[in-house]
Asker: 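One structure, pasted below without further comment.
Note that the structure is a prediction, hence the values are computed from the model and not measured.
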Amino acid sequence: MNWIILVIAGLFEVAFTFCLGKAKEATGNEAYAWYGGFLVACIISMSLLIKATQNLPLGTAYAVWTGIGAVGTVLLGIFVFKDPANFWRIFFIVTLIASIVGLKAVSAH
């Protein structure tokens, strides 16, 4: 269950970076709404990370959380914000995913 909580926390990390990207493109009240979404997603993400680290090794949980956020944010950038998707970016995303899976595989919990 703690791994599921951790994955959801990582997805909310992606959500708060999405909100930042949308706020950057918005103006006026719409920008403030996206910043509000950022705050809500950030609070949820951090709360779930805290919950998950109560039973998972802190170093592993934090690395997995940031890894999910990094991979998700890069993919979001490519598919939503039209960031470049060249060979090396994809290659290193794949190696990051392999590292996250590896950390989960060797974790004692």
Asker: Please name all residues satisfying side chain to side chain contact (heavy atoms under 4.5 Å, CB included) with Thr73, sequence neighbours left out, ordered by chain then number.
Answerer: Val14, Thr17
Asker: In the hydrophobic cluster built from side-chain contacts under 4.5 Å, what are the other members alongside Ile43?
Answerer: none
Asker: According to the salt bridge (charged side-chain N to carboxylate O under 4.0 Å, His left out) rule, which pairs have a member within residues 55-81, sequence neighbours left out?
Answerer: none
Asker: Give the minimum heavy-atom separation between Gly37 and Cys19, together with the two atoms involved.
Answerer: C-SG, 3.7 Å
Asker: For residues 22-38, which residue pairs pass the side chain to side chain donor-acceptor pair (under 3.5 Å) check, not counting sequence neighbours?
Answerer: none
Asker: Identify every side-chain donor-acceptor pair in residues 79-94 under 3.5 Å, counting partners at least two apart or on other chains, and give the distances.
Answerer:
unit_1, atom_1, unit_2, atom_2, d
Asn86, OD1, Trp88, N, 3.2
Asn86, OD1, Arg89, N, 2.9
Arg89, NH1, Pro84, O, 2.5

Asker: Quick one: pull up CG in Leu48 and CD1 in Ile4 and give me the separation to the nearest 0.5 Å.
Answerer: 12.0 Å
Asker: Can you find a heavy atom in the side chain of Met1 that is under 4.5 Å from one in the side chain of Ile5?
Answerer: yes
Asker: Any chance you could measure Gln54, atom CD, to Ile50, atom CD1, to the nearest 0.5 Å?
Answerer: 8.0 Å
Asker: For Leu103, enumerate each residue passing the side chain to side chain contact (heavy atoms under 4.5 Å, CB included) test, keeping only those at least two apart in sequence or located in another chain.
Answerer: Thr60, Ala63, Val64
Asker: Is there a path of hydrophobic side-chain contacts, each under 4.5 Å between heavy atoms, that joins Leu20 and Leu76?
Answerer: no
Asker: Applying the 4.5 Å side-chain criterion to the ILVMFWY set and letting contacts propagate, would Ile68 and Leu75 be lumped into a single cluster?
Answerer: yes
Asker: To the nearest 0.5 Å, what is the distance between CG on Leu56 and CG on Asn2?
Answerer: 4.5 Å
Asker: Tell me the side chain to side chain donor-acceptor pair (under 3.5 Å) pairs involving residues 39-53, sequence neighbours left out?
Answerer: Ser45-Trp65
Asker: Determine which pairs satisfy salt bridge (charged side-chain N to carboxylate O under 4.0 Å, His left out) with at least one residue from residues 34-45, sequence neighbours left out, and list them in order.
Answerer: none
Asker: Are Tyr62 and Leu11 connected into the same hydrophobic cluster when the rule is that any two of I, L, V, M, F, W, Y join if their side-chain heavy atoms are below 4.5 Å apart?
Answerer: yes
Asker: When rounded to the nearest 0.5 angstrom, what is the spacing between CG in Leu49 and CG in Leu58?
Answerer: 8.0 Å
Asker: Give the minimum heavy-atom separation between Leu96 and Ala70, together with the two atoms involved.
Answerer: CD2-CB, 3.8 Å
Asker: Is Phe16 reachable from Phe12 through a run of I, L, V, M, F, W or Y residues, each pair having side-chain heavy atoms under 4.5 Å apart?
Answerer: no
Asker: Taking side chain to side chain contact (heavy atoms under 4.5 Å, CB included) as the definition, give me every residue that meets it alongside Val40, ordered by chain and number, with sequence neighbours left out.
Answerer: Ile44
